Structures are given as structure tokens and as C-alpha cells.
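Inspection log for the structure reproduced underneath, given as C-alpha cells.
This one's a predicted model, so the numbers in the text were calculated from it and none came from an experiment.
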Number of protein chains: 2
Amino acid sequence: MARPRARLKDIAEATGFSANTVSLALRGSPRLPEETRELILEAAARLNYFPNHIARSLVHSVTRTIGLVMTDIMNPTLTLAARTIERQLSLAGYAMMFAASDSSVENEKRAIGLFLSYQVDGMLIYPANHREYDHIKVADEAGTPVLLLVDLPDSGLDTVTIDDRAGAYKAFRYLCRQGHRAIAMLDGGRALGNFDKMHGALQAVREAGLSEEAIMVFEPEGHAPAHGFAAMARIMESAPPPTALFASTDSLAIGALHWCRENGIAVPQDLAVVGYDNTEISQYGALPLTTVNYAADEISRIGVDRILKRIENRGSWKAPDIRLIEPELILRDSA
Amino acid sequence: MARPRARLKDIAEATGFSANTVSLALRGSPRLPEETRELILEAAARLNYFPNHIARSLVHSVTRTIGLVMTDIMNPTLTLAARTIERQLSLAGYAMMFAASDSSVENEKRAIGLFLSYQVDGMLIYPANHREYDHIKVADEAGTPVLLLVDLPDSGLDTVTIDDRAGAYKAFRYLCRQGHRAIAMLDGGRALGNFDKMHGALQAVREAGLSEEAIMVFEPEGHAPAHGFAAMARIMESAPPPTALFASTDSLAIGALHWCRENGIAVPQDLAVVGYDNTEISQYGALPLTTVNYAADEISRIGVDRILKRIENRGSWKAPDIRLIEPELILRDSA
DNA sequence: ATGAAAGCGCTAACAA
DNA sequence: TTGTTAGCGCTTTCAT
């Protein structure tokens with residue numbers, strides 16, 4: 001029980017061949033006679049052998065592992081992204097290591113350091129902060145390809161992400177066209193230095209011929225539904241109260257809806273609500289919620305493709321590439 | 001740019017010491033003079049050195065990595081579990097590899113094989129099927145500790161999980177006491193060989209002095225909200241229709257609620273709904289949903305603790321331990 | 001057709 | 001206090 005695992009050497013001794021021959025046989029080398037190979041494969045099966053990937057990695061300096069660093073997997077968008085990424089990697093024969101930063105740059109640094117020492121072949125990063133990303137650049141420059149899933153302006157890093165400016169623009173254009181003139185914007189990104197959605201909102205409001213004051217900005221104290229819930233009390237105290245709400249994530253929107261339900265605000269009759277980050281949960285979630293489709297699935301697929309291509313190219317690498325995917329509104333009975 | 005990473009040897013050459021001394025210095029050996037250590041640390045920093053964990057793992061036959069295999073991370077319960085597990089592992093200085101089986105035993109086998117060849121120190125498994133688990137036992141017996149997050153009867157494997165029988169019992173006892181006599185049970189576990197919830201339901205119904213026919217069993221065609229949605233059409237066609245619904249996961253319940261909303265069924269007035277697997281989403285989710293608290297958080301914490309203890313004990317291992325956590329009902333305005 | 005030897009980057013045992 | 005040697009399990013020349 002729990003005897004040491006079989007090694008090449010054990011198979012070698014069991015069959016009378018050398019470790020080298022065993023290695024060749026297991027990898028199906030054509031230059032070995034049928035007979036020899038079968039003998040070895042049989043012994044391997046009998047000894048319950050399976051290869052030690054760690055040793056192989058050490059020889060090749062390639063681990064076929066990639067690291068995924070995310071802020072918080074409880075955010076349904078990121079959950080979906082994580083799932084798709086794992087699937088794609090698995091199909092490509094890569095293993096995935098996972099770490100959560102909880103939006104803390106310190107945690108993110110630690111995770112990246114961990115992954116580097118584990119010699120991952122590349123990393124997909126959903127960064128904690130839009131301003132502090134030197135540690136990410138350093139990793140990339142030291143030779144471990146990094147792909148960002150959020151656009152960090154001027155980072156010079158490879159990126160595949162949603163065009164949040166365009167997404168917020170579409171949401172606000174839609175609300176303006178519905179006649180709303182007082183739109184609350186519950187925006188969790190500002191504190192982390194992300195003003196993309198704000199810029200899109202402003203553009204839409206301006207194009208509609210409205211004053212910028214049509215947008216009432218609020219910052220939640222976190223990203224969970226509870227924070228959306230808490231913020232609503234403040235929001236609805238405004239005079240006059242908004243007739244529409246844009247929430248920068250579905251999680252916040254869900255909390256906001258909960259507050260409305262408890263406080264007798266009918267959605268969408270009394271308050272139109274637009275979320276951001278469409279996921280299965282909200283799609284089938286019995287919530288009167290129009291959302292901007294973050295398309296986490298699509299960026300994940302494209303992102304994995306991209307980084308694997310880069311890893312497999314090794315030396316030859318061109319300019320960093322920033323790919324923005326434009327999201328669409330998913331209309332339901334809201335707004 | 002992308003020059004090969006610095007190794008101990010490089011620092012050795014840069015400082016004039018031997019690789020061994022450098023290794024000692026970097027690990028803070030007390031038997032080195034202050035001066036030497038500083039010299040070496042400085043050079044290491046200058047060369048941007050960080051340790052190659054792969055090489056270290058090869059020497060120690062210990063990777064400080066554990067593998068997590070789950071059916072589907074989109075299930076909010078499992079999302080929460082994954083997060084907690086990652087956190088706990090990270091605190092303990094372990095890295096986590098992740099793989100999803102999508103409830104396919106084939107995928108699960110592949111994932112486990114992958115993890116074994118990556119030499120993980122242990123695995124946490126949320127199994128795909130309640131009957132086929134030989135491949136899991138084999139891994140454990142071959143010396144890689146496995147901890148199950150679902151109880152597989154007679155598996156003889158270490159387990160930390162929710163007592164689903166007790167959970168379903170409480171849910172049905174509650175519904176019976178509210179006067180319900182026709183309770184639909186949307187149960188996604190049966191197809192996979194899990195009858196725990198069914199047993200709990202039967203017990204409650206019997207104790208209430210009702211016939212077993214008070215339970216109307218339905219099997220969804222999958223685990224996503226969409227499957228709960230689809231099943232509802234069949235469920236509400238029954239004559240007479242049920243006055244209460246028990247859904248074996250919150251995802252199914254969410255889909256069911258969506259169907260109710262689209263079909264003018266008021267919850268909980270027309271139909272009481274009890275879900276299973278309480279998560280943040282449903283807690284703040286603006287849904288009139290009573291749920292059984294799966295306590296994914298708690299089992300994850302206990303589970304990680306357990307497996308790390310076992311790993312660190314190495315040789316000495318006693319009888320397998322099955323720990324059942326009893327869930328509670330989270331009442332809201334439903335039922 | 002098969003084997004011997006060297007080496008991936010690191011650590012541990014033993015010398016000096 | 002520091003260096004030398006051997007070896008973790010595997011792959012890769014290069015011999016035979």
C-alpha cells in the first residue's frame with residue numbers, strides 16, 4: 001500500500017531493457033520492434049506506471065500548464081470565463097492552475113510569483129487594479145507570456161477583452177431613447193481606476209442632447225450583491241430619484257433588485273434596471289433585468305487561443321495585440 | 001529580452017560562491033555569515049532570480065500542489081466551494097490545479113490522470129457519478145490522498161460533505177407542516193445514482209402521516225436553470241398540480257422561478273418553492289426562494305484542513321473518515 | 001535495435 | 001564557513 005510509484009527504471013528492471021528503451025517504447029518510437037514495445041507496455045500496465053510530468057518538465061523547460069489569475073470567481077462573469085478557459089486549455093492538452101486575487105494587488109503579486117516559480121508556460125490575468133500592473137509587465141518581459149482579459153491602457157500587453165466603453169454607451173443610449181432623464185450609475189470600477197463605462201455613458205448622454213447631470217454616479221463599497229443592495233438606499237434618497245439604474249455588474253444589479261423588491265419598487269415600471277455581464281444565472285434568473293452581454297465565453301475562447309499560439313511560437317513575437325469585443329444589449333422586460 | 005531565467009549557477013558565477021552556498025543563502029540558512037548572505041541576495045535580486053519550483057519538486061517528491069476536480073463550476077454551490085478551497089490552500093502555501101468533469105466519468109478519469117502525472121500531493125473531488133468511482137479509489141490507494149466532497153456509499157474514501165438526506169428531510173418536513181399534500185420533487189441526482197434526498201423526503205412524508213404519493217418525482221434533463229425551466233411545463237401539467245416544489249439545486253429552482261414568472265404563477269402564493277444549495281446569489285437574489293443551506297463554505301474549509309493534515313502525515317494513516325455536515329433551512333418569504 | 005552518459009535546476013549528505 | 005558529489009525521473013545525444 002502506498003508503495004513508491006513505478007519509474008522507468010522499475011519497468012527497465014522488470015523487463016531487462018534499459019530505462020532509455022522503456023522511455024522510447026512508452027512514447028511509441030517507431031524504431032523499436034513491435035515485440036519489445038508490447039513487452040514493455042505490458043510491464044508498465046502491470047506496475048501501474050504513469051509518467052512523472054515534473055521530471056519531463058524539468059528536461060524540456062515546458063510544463064504545459066497555464067495560470068489563471070482572477071479577482072473573484074464568485075462574479076458570475078468570471079465564473080463563466082474560468083469555465084470556458086479551463087475547457088479550452090484542457091482540449092489543447094494544458095493543465096490550469098488557478099488563483100484569486102480578491103482585487104488585492106498584493107494577492108495578485110503573490111499569485112503571479114507562485115505561478116512563475118511553478119514555471120507556468122503562460123498566464124491569463126484578470127487584473128486587480130487598472131493602475132498598478134508593473135508586476136504583470138515584469139513577468140511578461142521575463143519571458144512568461146501574459147494575456148490580459150481587461151484592457152489596461154498603455155500597458156503594452158497582449159489583451160483580449162470587452163469594449164466596456166461601447167457597452168455602457170449602448171446601455172445609456174437605450175435608456176435615453178426610452179425617455180429617461182435621471183439615470184443612476186452604480187459603478188464599481190471607478191475606485192480601481194476604470195473609467196471606460198463612464199466615458200461610454202457620457203458619450204451617449206451627450207449625443208442624446210442631455211446634460212451630463214442626467215447621470216448620477218454612485219460607488220458601491222464592493223462587488224457583491226450585498227453592496228448593490230446597500231447602495232440602493234442612498235440612490236433612492238436622491239431628489240429627484242432616478243427613473244433608471246445602470247449597474248456595472250450583474251451582481252450589483254441583483255442586489256439592487258432585491259432592495260427594490262423589499263421596498264415596493266416595481267421593476268421596470270418604477271425603475272428601469274440595466275445590468276452588465278450577462279450570464280446563465282441572469283438569463284434564466286427570473287429577474288426583470290436587461291443586461292449588457294459581457295460575452296465572457298467569447299473572450300475566453302479567443303484569449304486561450306491567443307496565448308497558446310504565442311507560447312508555441314516561443315521566440316518570434318511581434319507587437320502586442322489588443323482585441324476589443326463589442327458587447328450587445330440583451331433586452332428583456334426591463335426598461 | 002526573454003533571456004533565459006537566472007539559475008542558482010548564474011548567481012554562483014556572479015558572486016564567486018558555489019551553487020550550494022547560494023542555495024543555502026537564499027533559504028536563509030543560519031550557518032552562513034551575514035555578509036555572504038547579503039552579497040548573494042543582492043546578486044539574486046539583480047539577476048531577477050526566482051526559484052524553480054519544478055526542480056525543487058523533483059528533489060523532494062512533493063509539489064505543494066493539490067488538484068480540484070469538480071463537475072461544473074457554473075453551479076453556484078461549487079463556485080463557492082472552489083473559491084473557499086482556493087483561499088484555504090493559498091493560505092497554507094499550496095497551489096491549486098483545477099479541472100471540470102462536466103459530470104462525465106471519462107473527463108473525470110482524464111483529469112485525475114493528468115493530476116497524477118503532474119504529481120499533485122492530493123486531490124479534492126466532487127465526483128461525476130455516484131456509482132463509478134473505481135478510478136478514484138485507485139488513485140488514493142496508489143498513494144495520492146483523495147478527499148471526496150460528496151459521500152459515495154461504501155467507497156471507503158475520506159469524505160467531508162453535506163448530509164443531503166437530513167437536508168431534504170428538513171425541507172419536506174417544513175412543507176408538510178405548512179399543509180402541503182402534493183409536493184413536486186425536481187431531482188437531478190437520481191440519474192447519477194444519488195437517492196439521498198429521496199430518502200430524506202420519504203422519511204419526512206411518512207412521519208407526517210402522509211402517503212408516499214404526496215411526493216411527485218420529476219427528473220430534469222440537466223443541471224442548468226434552463227433545465228429547471230423546461231421541467232416546469234411537465235410538472236404543472238400534473239392533475240392535480242402540486243402546491244409546492246422542491247428543487248434539488250438552486251440552479252434548477254431559479255429556472256423554475258423564471259417559468260413561474262412567465263406563466264403567471266405567483267410564488268409563494270400559488271406555489272411554494274424550496275431550493276437547495278444556498279449561495280450568495282440566492283441570498284441576495286431578489287428571489288422568493290427558501291433554500292437548504294448547502295454550506296459549501298464550511299465543507300470546503302474542513303475538507304482542505306483534512307487533506308492537508310493527511311498529506312503532511314504522509315505514512316501514518318488510519319481508517320477513512322466520513323464527516324457529514326447537517327444543513328439548515330434558510331427561510332425567506334416562500335412556502 | 002539497444003544502451004551508456006550527460007544534464008535539466010535544485011537539495012542533501014558529506015568533505016574540507 | 002564553504003565546496004564537492006550524487007541524485008530526484010526523465011529525455012537526448014551519441015555509441016555500440
Fill in the blank from the handout: By nearest-heavy-atom nucleotide on DNA chain D, the more 5' of B:Ala19 and A:His53 is B:Ala19
Problem - Nucleotides bounding contact with chain A, strand DNA chain D, heavy-atom threshold 4.0 Å - result: D:dG9 to D:dT13
Problem - A:Leu147, A:Ile307, A:Leu148 screened by side-chain contact (heavy atoms from CB on, under 4.5 Å) with A:Asp158, the one that passes - result: A:Leu147
Fill in the blank from the handout: Axis-to-axis angle for the helix from C:dA1-D:dT16 to C:dA16-D:dT1, ends of five pairs each, to 10°, equals 50°
Completion exercise
So side-chain hydrogen bond (donor to acceptor under 3.5 Å, both in side chains) across residues 13-24 of chain B, not counting sequence neighbours, yields B:Ser18-B:Thr21, B:Ser23-B:Arg27
Fill in the blank from the handout: Contacts of B:Glu35 meeting salt bridge (Lys or Arg N to Asp or Glu O under 4.0 Å) (sequence neighbours excluded), chain-then-number -> none
Exercise for the section: Please name the pair of heavy atoms, one in A:Ala128 and one in A:Thr71, separated by the smallest distance, quoted to 0.1 Å. Expected result: CA-CG2, 3.9 Å
Problem - Residues in side chain to side chain contact (heavy atoms under 4.5 Å, CB included) contact with B:Ile325, at least two apart in sequence or another chain - result: B:Ile162, B:Glu298, B:Ile299, B:Ile302, B:Arg323
Completion exercise
A:Arg64 meets the salt bridge (Lys or Arg N to Asp or Glu O under 4.0 Å) criterion, sequence neighbours left out, with none
Exercise for the section: Round to the nearest Å and state the distance from A:Gln119 atom CD to C:dC10 atom C1'. Expected result: 11 Å
Exercise for the section: Examine C:dC10: is either OP1 or OP2 under 4.0 Å from a nitrogen or oxygen in the side chain of B:Tyr49? Give yes or no. Expected result: yes
Exercise for the section: Could you list the residues that satisfy side chain to side chain contact (heavy atoms under 4.5 Å, CB included) with A:Ala139, not counting sequence neighbours? Expected result: A:Ile112, A:Leu116, A:Met123, A:Val146
Practice task
Scan A:Thr144, A:Thr63, A:Thr65 and name whichever one has a side-chain hydrogen bond (donor to acceptor under 3.5 Å, both in side chains) with A:Asp121.
Solution key: A:Thr63
Fill in the blank from the handout: Residues of residues 23-36 of chain A with a heavy atom under 4.0 Å from any atom of DNA chain C, listed by number, are A:Arg31, A:Pro33, A:Thr36
Exercise for the section: Any pair with a residue in residues 48-92 of chain B that passes ring pair (Phe, Tyr, Trp, His ring centres under 6.0 Å), sequence neighbours left out, goes on the list, sorted by first then second residue, please. Expected result: A:Tyr118-B:His53
Handout entry: B:Asp72 side chain to B:Met74 backbone, donor-acceptor under 3.5 Å
Key = yes
Problem - Sequence neighbours excluded - ring pair (Phe, Tyr, Trp, His ring centres under 6.0 Å) pairs with any residue from residues 129-156 of chain B - result: none
Handout entry: Sequence-distant partners of B:Asp134, salt bridge (Lys or Arg N to Asp or Glu O under 4.0 Å), two or more places apart
Key = none
Short N/O separations, protein against nucleotides 4-8 of chain C, under 3.5 angstrom:
from  : atom 1 : to      : atom 2 : distance (Å)
C:dA4 : N6     : A:Asn20 : ND2    : 2.1

Practice task
Considering only NZ, NE, NH1 and NH2 on the basic side and carboxylate oxygens on the acidic side, decide whether B:Glu106 and B:Lys109 come within less than 4.0 Å.
Solution key: yes
